[in-house]
Structure formats: C-alpha cells, structure tokens
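Comments concern the structure below.
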Number of protein chains: 2
Amino acid sequence: MPPSSFDQLQKRLSDEYPLLSRRLKEVCDYVTQHPQSVALDTAAVVADKAGVHASTLVRFANYFEFSGFSGMQKLYKQHLLDALQGNYNDRIATLSKSTGQEGDITAMTLLAEFGSANQESLGTLKEQTDPTTLTQAVDLIERAAAIHIGGVRRAFPVTMYFAYTLAHLRRNCHAISGLGLMHEDQLANIRAGELLIAITFAPYADSTQAMIETAHNNGADILLISDDANCPGAARSTIVLPVADAEVRGFRSLTSSMCLAQALCIALGYRQPEARPLDDNRTQH
Amino acid sequence: MPPSSFDQLQKRLSDEYPLLSRRLKEVCDYVTQHPQSVALDTAAVVADKAGVHASTLVRFANYFEFSGFSGMQKLYKQHLLDALQGNYNDRIATLSKSTGQEGDITAMTLLAEFGSANQESLGTLKEQTDPTTLTQAVDLIERAAAIHIGGVRRAFPVTMYFAYTLAHLRRNCHAISGLGLMHEDQLANIRAGELLIAITFAPYADSTQAMIETAHNNGADILLISDDANCPGAARSTIVLPVADAEVRGFRSLTSSMCLAQALCIALGYRQPEARPLDDNRTQH
DNA sequence: GCTTGTTTGGAATATATATTCCACTGTAAA
DNA sequence: TTTACAGTGGAATATATATTCCAAACAAGC
C-alpha cells in the first residue's frame, strides 16, 4: 500500500533514505527540497532538474509502492492545494482527535500559534519602525571604531547573532558574554568613537543598565534595542530602536528582534561592498 | 502575442469579459476564482469543474492567443511557484519600484524584505512540519535525564535560546558553548537516557557532526534540527526536524529555527504544569 | 418560419507524457 | 580475473491528455 498522505510519505522518505541507491538518494534529496517542483513540473522536467533519468524517477515512485510517478505526484499536488488554502489547520484538528483529547494543547497547535503571532509581530515591525532612525542606527554602526554588544539572558541569542554577523562583515566587535562574570571588565575600556549595542527587555536587567551607564560615562555611543522606547537607559542612548515581540501564552518571542538585527547588519553589509559577505555567509556552519 | 505574465492575463480577463460568449464567461469566472485549480488540474478536470466541455477550455485559451490550454496553464503554474516558494527577488523588485527607490538599497527596504521573507518562511514552517514528528520530539525532550545542546556559529543563537528556556523549565541542560575549545570534553560524558539537541545548517560544521557521532556512540538520543532532512548525521539521529529558513540577498535568517525551538520548549512547559514558567519567564531580562 | 452565422459538445486525432523493457556499466564476491 | 547482480540510461511502447474537426443546436435577422 502506497502512502496515502503527504505526511506519511515524508516520514518514509526520511526513514528509508539510507536504504536507497545513489541515484534514488539524489531523487530523494531533490523531492524533499523541491516539493513544489514535483507538484507542478512534468516527470521529464523533474528528472532533469534532479539530475537523473526519467525512468529513475519512476523507479523511485515504485519503491514507495506508487503505480508510477503520476501516482506520487497526486500527493504533492494535493499537499500544495492544502497548504495554499490554509488547510493545515485540519491537520491540527485531526491530531487532537487522534490523541483523544480535543481541547488539548499539542505541540503542533503551539507551533501554529507561535508562527502566526510571530508573523504578525513582523508585520508591526515593518510598519512601526521609523526609516530615519533605522538609517541613523546603521550610520552609527558604520562609524564605530569598535562595537560592543551587550544583551543578557533572554536577549543573549540576539547578542550572539550580532557578534556572528558583524564579525563576518569584518567589523571589530566584542560580545559581552559574561564569561567568568567579567562582563563589567569586558566593557570597562570602551571609549569615545566606539559603540555599545545594548539589547534589553522588561524588566531590564541591572547588568545591562550598568553597561549603558559605563558606555555613557566613557563618551561612547549607544544603540539601544528594547521593547519600550522609554525604558530606563533610553535617555542615555544615542539611538533607541523599539521592537514589539509577540507574546503567546505568557511566552515572549525573539523573532522581531532577530529580524531587526538582521536588517541592520545586512544594511551595513551593503554599505561596505568590499566586505559583502555573500559567499562568506553561504559557507557558514 | 499571448500575455507573457500572469498580471497581464488577469488584466485582459477583466477587460474583455463582456466580449465573451456565455460558456466562455463561465470559464472566465472559474479560472479567476480558482487559479490554483488551473495550475494543478488537467484540462479535462478543469473543464468538468467549470461545468464546460474540454474543447471550450481550449477555445478560451485560444481567444487569448495561447496555442492551447497547456500554454495558458504554464502561466498559472509559474505564478503559483512565485507566490509559494518565495521568489523573493521578483517581489523585491516590485517592492523597490513601488517605493520609488529602485537602485537604492536602504535599511528600511531591507527590513521590509526580511520581514516579508521571514513571514513567509514561518508560513511554510507551519505547513511543512509534521505534527507526529513534532510530538515525538517533545516526548524525547521530556524523557531525557539531561539535555545537551550543540549548535555552533550561525546556529549558536538557537543553542543559547534553548539553554535559556530549558533552564527556566527546570530541566537539566548544558549548552555546548565551545568555551576554551572544550566542546568535545563538554559532551564526552553524555550517556544513554540523555539527549543531544543538535542544530546544524549547510555546510554542516564538522564539530556538530562530531557531537552527533559521540552522542550516538554513547547510546544517547539525538534530536536534529537542520535545513535538510537528509543531511549528514540524520541517519544517526533519533528524530530529525527539518526547517526551511528564508534567504534574501544571500543572507539566511534564523526566524523559523527560533520559532520551532520556542514551540518545542513551550509544549514541554505545558506537559509539566508544576514547572509552568509563565511568571518565571515574565521576570526575564 | 427560414436562413445565416455563431456557439457548443462529442468523437477522432495528434501530441505529449509516463512507463516498460533491455542492454550496458559498475561493483562486490568468489 | 571471472562471475553475478544490482543499478542505470536510452529506446520503444503504452497511456493519458490535449487539440482539432465536424455535426448539431441555438440565436438573430430577414
């Protein structure tokens, strides 16, 4: 019996991958990565794009007990339709029923909820961010002799993202990691002409506030990314970029903050074409 | 000359509607309301659904100067692909034109681009994630006596996000930080009953592969989060969660990976109500 | 009501497409 | 080195699909 649903097929594809021959693996790679192509192209075209012969494609379909490529393709077409008209909500319902607890909060419902909430918050990010402020922020990063990045606890992933990306843009940057609780020492030598990127969310960690204080006293610039434009430390900052991350069931996300960080870094990348990290980035781990 | 783009065709469809015969109008109604059907179904099926004969469909296509139904269908297929799989570059061009800053790449246009791309990739995350696999992943985390998190370089922010959140759920977890280049030692004592959450993206860092190898040899479970379900290491993993992050202008985002991490952690939180970290989380910095 | 021109549906045809078959290649075991 | 066998690509075939053609139905004008 061939798989009767796209999900079933996907599962078999990954389970039985190691058992496949070389060409069949190539097909498997292609179809998992380009399901839309399988749905829309003809067998010959799919075969060509996947770098194999058409008959190999049929063998592949037969391996998973389809009558031929066409049979398998039907599943892909159906999946595309479902995805298009947002039928994935049905999948959630089906799952809840199958586990016998309809009102239950499953991992999938949470994923769907978070996905949607994050999509919305990205929408507000686009709407509410002020272009002028954003440009000034990029100016600030561009001019800085050195960039220090301070964001702790929940904000730490954003810190690391900045550190990674700025390093790849060949900028002189230091993430304040808090390693050995030496965060104060890590920032002690900041000076005028340098920049602190501070990332802080309510209830605003004292340590981040201290960093802002230090940077301010030493005459350095400060770019503050925060959930509130008037949070403590905002007055001392050169530029404040407010960002409203989604909250679902009491959990706050980082999506918009990460997206903003991304946009800042890449705008910077486009300002210094000699260091455009396109290839660089592709070879990352 | 037949319309060369979907938009052109749409325009002609509405402009010339009054000139069409009764059946041709019916066809026109159907194709404007069900473009996906035109893209995915065969001529016979489309004709049937539209309530006309197949030859009428061909006449309809001929009316708009296509060689036949197939020619027209190509346009619909292409349109579907563009809309679906983030042909961002096309839409980016339209976006820049509409803002009137064609050649100029400003920080704001980049933010808008990334925002949109990430929104779409969150959509595909919801569509493409298999509910069963996701639930199994949460099971795995729940059962684990200890959780080790390994994801380096670009994946490191995700590692830190896991570490932060799992700690707040009072789980015994260790982020493999690579501090002092002791990453191998950090994982050396993993054992059966424990779990490695590995996060890796093309081109798949050797160090992460080594972690998977170690965990596997020691009989521990492995949850792999990757951009390819068949990437090296997938065969040794207990569960693989594939995630397709957006790519714009050669830069790849982390949004979907972060969102997936979030959903996993919070689903876990709901399984252990005694440790529900709602308040905990709100007091984070 | 008849004629003319247009529209329509069905059968026949043409074409595109998938599938099968077979000979060849490469690989592992004897 | 030889043998056996799974894997592969190309040509031949079968099938599905689209397209054309024609006769019938219909509508408008005479």
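The basis for the numbers below is simple: all heavy atoms, side chains too, and nothing from hydrogens, waters or symmetry mates.
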TODO: To the nearest Å, give me how far apart CG (A/Leu57) and P (D/dG9) are.
DONE: 12 Å
Open item on the list: So, does A/Thr56 get its side chain near the phosphate of D/dG7, meaning an N or O under 4.0 Å from OP1 or OP2?
Closed with: no
Task: Sole residue of B/Thr200, B/Leu241, B/Ile199, B/Ile239 in side-chain contact (heavy atoms from CB on, under 4.5 Å) with B/Leu224 - done: B/Thr200
Task: Flag, side chain of B/Gln186 to backbone of B/Ser177, donor-acceptor distance under 3.5 Å - done: yes
Open item on the list: Please enumerate all residues that pass ring pair (Phe, Tyr, Trp, His ring centres under 6.0 Å) together with B/Tyr30, with sequence neighbours excluded.
Closed with: B/His34
Task: Euclidean distance, atom CG of residue A/Leu40 to atom C1' of C/dT17 [Å, nearest integer] - done: 16 Å
TODO: Calculate the interatomic distance between B/Asp41 atom CG and D/dT17 atom C1'; express it in whole Å.
DONE: 13 Å
Task: Distance test, side-chain N/O of A/Ser70 to OP1/OP2 of C/dT19, below 4.0 Å - done: yes
Task: Global bending angle along the helix from C/dG1-D/dC30 to C/dA30-D/dT1, which compares the axes of five pairs at either end, to 10 degrees - done: 20°
Open item on the list: The criterion is ring pair (Phe, Tyr, Trp, His ring centres under 6.0 Å); which residues satisfy it with B/Phe156, sequence neighbours excluded?
Closed with: none
Open item on the list: Please confirm whether the shortest side-chain N or O distance from B/Ser21 to OP1 or OP2 of C/dT8 is below 4.0 Å.
Closed with: yes
Open item on the list: Just the rounded figure in Å: distance from C1' of D/dT17 to NZ of A/Lys77.
Closed with: 11 Å
Open item on the list: Any salt bridge linking A/Asp41 with A/Lys49? Criterion: basic side-chain nitrogen under 4.0 Å from a carboxylate oxygen.
Closed with: yes
TODO: Round to the nearest Å and state the distance from B/Phe60 atom CZ to D/dT19 atom P.
DONE: 14 Å
TODO: Round to the nearest Å and state the distance from B/Asn62 atom CG to C/dT8 atom C1'.
DONE: 15 Å
Open item on the list: Given 3.5 Å as the limit, does a donor-acceptor pair link the side chain of B/Gln8 with the main chain of B/Ser4, or not?
Closed with: yes
TODO: Could you tell me the separation between the CG atom of A/Leu24 and the P atom of D/dA6, rounded to a whole number of Å?
DONE: 15 Å
- [ ] Return the value, rounded to whole Å, for the distance between atom NE2 of B/His53 and atom P of C/dT8.
- [x] 13 Å
Open item on the list: Heavy atoms only, 4.0 Å cut-off, all strands: where does A/Arg22 land among base, sugar-phosphate and nothing?
Closed with: sugar-phosphate
TODO: Find the distance between CG (B/Leu24) and CD (B/Glu16) and round it off to the nearest 0.5 Å.
DONE: 11.0 Å
